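What you see is a predicted model; the values in this text were computed from it and never measured. Lettering follows sequence order; numbering is per chain, from 1.
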2 protein chains.
Amino acid sequence: MSSDGPKRLMFSYFADLAKVLGNGHRLELIELLAQGEQPVEVLSQRTGLSFANASQHLQQLRKAGLVVGRRSGKNIIYRLEDGPIVETITALRKLAEHNVAAVQDVVATYFDQLDNLDPIGPDDLMDRMRTGSVTLLDVRPEDEFRAAHIPGALNIDLQALESRIAELPMDMEIVAYCRGAYCVLSFQAVKLLRARGYRVTRFSEGLPEWRASGRAVATA
Amino acid sequence: MSSDGPKRLMFSYFADLAKVLGNGHRLELIELLAQGEQPVEVLSQRTGLSFANASQHLQQLRKAGLVVGRRSGKNIIYRLEDGPIVETITALRKLAEHNVAAVQDVVATYFDQLDNLDPIGPDDLMDRMRTGSVTLLDVRPEDEFRAAHIPGALNIDLQALESRIAELPMDMEIVAYCRGAYCVLSFQAVKLLRARGYRVTRFSEGLPEWRASGRAVATA
DNA sequence: AATTCATTCAATGAAGTTTTTGAATGTACC
DNA sequence: GGTACATTCAAAAACTTCATTGAATGAATT
């Protein structure tokens with residue numbers, strides 16, 4: 001927190017905020033919270049962080065004004081604050097895709113390999129949902145689906161996909177999505193379903209970006 | 001640089017990039033470079049950093065893919081890489097304005113106090129330039145003006161404003177701009193000129209944002 | 001009132017960042 | 001070829017961040 005005129009002060013505040021985003025675990029916590037509110041326990045499990053460690057990262061996000069917690073019985077339930085949080089992380093992601101060579105490598109060797117087809121964008125998806133020419137598949141855990149999903153989507157948790165595969169139509173294109181652009185759940189769904197002869201594409205983003213761009217979401 | 005599946009890898013790369021943005025001096029270096037390329041000496045002077053320290057921050061920006069240096073005689077001249085760098089910092093700034101209480105305080109006590117009029121936005125500015133109903137004043141140092149400025153702007157370095165004040169019309173509204181939204185130069189210009197009876201407003205952003213939004217800039 | 005459970009807090013050590021200093025590099029000028 | 005200059009590099013000191021541990025809090029259950 002240096003200071004030397006109000007401009008330097010402002011830059012140091014912007015930097016403090018960037019520092020809070022400057023940790024992979026915290027970015028993952030934000031991604032999870034962008035699906036919907038969660039108690040610390042679930043966040044700790046889904047990120048693989050120890051309980052105390054998850055709690056401390058959440059404190060930092062809270063101090064930065066990015067999340068709030070409320071008590072509900074024995075649990076503290078965290079949720080994302082209002083504000084352009086998803087937008088900022090999307091900007092960071094696009095900057096990394098454009099300027100960081102290592103990111104381009106991972107995309108090329110890992111993600112493009114799994115899904116060599118162009119993913120479908122939000123405008124296209126909306127058109128095709130309207131004409132009913134596509135089945136939209138949400139492969140996130142049930143609780144995240146219930147908190148918010150793209151209207152008209154069918155929820156099958158990736159865990160259950162193999163056993164519930166009969167619920168999917170073979171004669172219609174399927175579009176799979178999950179938590180965000182690099183959420184592996186939808187990549188794995190595409191892989192599994194293609195192997196069984198389904199026509200599947202990925203949606204280019206996840207639920208948080210869909211909502212951040214002002215489109216309607218459904219609950220329950 | 002943790003790793004546990006490609007998604008965690010990606011998040012750790014995004015976090016590394018955020019970490020590089022997580023230092024006020026580096027944000028200031030980026031702002032200066034967003035005006036145009038500069039040798040290390042000038043960057044070190046304008047930021048108040050020691051030579052070696054400025055150099056080391058520039059190395060970090062280079063490793064992150066945000067700047068490049070080229071040799072020109074005895075100097076190494078740095079410039080911003082292509083890519084959505086200004087956009088990302090703008091997103092960070094807006095997030096801070098929205099979610100960080102301390103930022104709101106500084107804006108209220110420092111900036112709003114200096115200029116209680118609404119600043120003019122880019123679309124309005126363009127309209128008013130076309131109809132010739134406004135004089136646009138660029139108060140950055142001459143070298144930054146020469147590298148790139150908003151077409152039609154008059155350059156008077158803030159340092160020289162008092163002595164060259166006669167060049168400004170008293171019967172027309174003046175709009176002042178400089179390096180960015182919180183660049184103090186334009187605030188000080190507004191203060192000085194209002195005290196002399198000129199009608200002055202600030203432009204809401206600076207040159208980098210103007211260019212990043214795809215508008216034409218002039219050189220020389 | 002005692003116990004359990006979810007969470008936070010405080011303290012520790014290990015690892016990383018920032019700044020300063022002085023030496024090293026590489027280009028230009030005499 | 002030697003000297004001056006701009007910049008980078010390497011090492012050290014001061015400080016910050018991260019994960020782990022165990023104790024503390026505070027609501028719910030018995």
[X] side chain: which of [options] is closest?
| X | options | answer |
| --- | --- | --- |
| Gln60(A) | dC18(D), dT18(C), dT7(D) | dC18(D) |
| His57(B) | dT19(C), dT8(C), dT20(D) | dT19(C) |
| Asn23(A) | dT20(D), dT7(D), dC18(D) | dC18(D) |
| Arg71(A) | dT8(C), dA27(D), dT27(C) | dA27(D) |
| Glu41(A) | dT7(D), dT8(C), dA6(C) | dA6(C) |

[X] [atom1] - [N] [atom2] separation (whole Å):
| X | N | atom1 | atom2 | value |
| --- | --- | --- | --- | --- |
| Leu61(B) | dT18(C) | CG | P | 11 Å |
| Gln59(B) | dA6(D) | CD | C1' | 13 Å |
| Leu49(B) | dT7(D) | CG | P | 14 Å |
| Asn75(B) | dT7(D) | CG | C1' | 9 Å |
| Ile77(A) | dT8(C) | CD1 | P | 12 Å |
| Ile76(B) | dA24(C) | CD1 | C1' | 14 Å |
| Lys63(A) | dT16(D) | NZ | P | 13 Å |
| Gln56(A) | dC18(D) | CD | P | 10 Å |

query = Do any side-chain nitrogens or oxygens of Ser55(A) fall under 4.0 Å of OP1 or OP2 in dT7(C)?
reply = no
task = May I ask you to verify if any side-chain N or O of Tyr78(A) is less than 4.0 angstrom from the OP1 or OP2 atom of dA6(C)?
result = no
Residue whose closest nucleotide on DNA chain C lies nearer the 5' end, Ala54(A) versus Asn53(B) = Ala54(A)
note = Judged by nearest nucleotide, the residue sitting upstream toward the 5' end of DNA chain D, Leu58(B) or Lys74(B), is Lys74(B)
Hey, are [X] and [Y] close enough for a salt bridge, meaning a charged N less than 4.0 Å from a carboxylate O?
| X | Y | value |
| --- | --- | --- |
| Arg70(A) | Glu37(A) | yes |
| Glu87(B) | Lys94(A) | no |
| Glu144(A) | Arg179(A) | yes |

query = Is the CD atom of Gln104(B) crowded by more than 12 outside heavy atoms at less than 6.0 Å?
reply = yes
request  = Pick base, sugar-phosphate or nothing for Arg26(B), based on heavy-atom distances below 4.0 Å to the nucleic acid.
outcome  = sugar-phosphate
Please list, one pair per line, the donor and acceptor atoms closer than 3.5 Å that link side chains of residues 202-211 of chain B to other protein atoms, with sequence neighbours excluded.
| unit_1 | atom_1 | unit_2 | atom_2 | d |
| --- | --- | --- | --- | --- |
| Arg202(B) | NE | Asp115(B) | OD2 | 3.3 |
| Ser204(B) | OG | Ile120(B) | O | 3.4 |
| Glu209(B) | OE1 | Gly206(B) | N | 2.9 |
| Trp210(B) | NE1 | Ala216(B) | O | 2.8 |
| Arg211(B) | NH2 | Ala34(B) | O | 2.7 |

